[in-house]
Amino acid sequence: MSAYDEVEIEDMEWSEELAAYTYPCPCGDLFQITLADLRLGEEIARCPSCSLFLTVVYNEEDFADAKEPPQKPPAAPQPVAVA
């Protein structure tokens, strides 16, 4: 069986409520992968509502000893055009 898609971990959102990285699934739910899964080298994020799954691309070393998810750098401010 092949993955629905391949997604970079940076494109996923961290959910405190689910304690997992999430990504929108076409069925309306969210693909999920936990920090514990990532520490174990897991690369499959599953949707709890359907049979689809994603391959998550990430650097295992970033999660080897992590107690918390790595922080994303803040987004650079975007210039605003003023008329």
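Bear in mind that the values here come from a model prediction, so they are computed numbers and not experimental data. Keep in mind that the numbers below use all heavy atoms, side chains included, and drop hydrogens, waters and symmetry copies.
Remark: side-chain polar atoms of Thr34 are not paired, donor with acceptor, to backbone N or O of Ala20 under 3.5 angstrom. In this structure a side-chain-to-backbone donor-acceptor pair under 3.5 Å is missing from Tyr23 to Val7.
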request  = Take Leu38 and Ile9, measure what side-chain contact (heavy atoms from CB on, under 4.5 Å) needs, and give me the verdict at the end.
outcome  = CA-CA 10 Å; Leu38 293 168; Ile9 192 78; 4.1 Å; yes
ask   = Under the side-chain contact (heavy atoms from CB on, under 4.5 Å) criterion, do Cys47 and Cys27 qualify, and how do the steps go?
value = CA-CA 9 Å; Cys47 177; Cys27 79; 3.6 Å; yes
message = Between Glu13 and Leu30, does the side-chain contact (heavy atoms from CB on, under 4.5 Å) criterion hold? Intermediate values first, please.
response = CA-CA 10 Å; Glu13 295 289 324; Leu30 296 169; over 6 Å; no
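Looking at residues two or more places apart in sequence or on another chain, you find a side-chain contact (heavy atoms from CB on, under 4.5 Å) between Thr55 and Ala3, Glu6, Glu43, Ile44. With sequence neighbours left out, the side chain to side chain donor-acceptor pair (under 3.5 Å) criterion links Ser15 to no other residue.
Residues Ile33 and Met12 approach most closely at CG2-CE, 4.1 Å, considering heavy atoms. Looking at every heavy atom in both residues, Tyr58 comes nearest to Asp37 through OH-O, 4.5 Å.
Cys25 has its side chain out of reach of Ser49: every pair of non-hydrogen atoms, C-beta onward, lies at least 4.5 Å apart. Residues Asp29 and Pro48 form a side-chain contact, since some pair of their non-hydrogen atoms from C-beta on lies under 4.5 Å apart.
The aromatic rings of Phe31 and Tyr4 lie parallel to each other, their planes meeting at an angle below 30°, with 60° marking the opposite boundary.
The structure places CG of Leu54 at 11.0 Å from CD of Gln32, a figure rounded to the nearest 0.5 Å.
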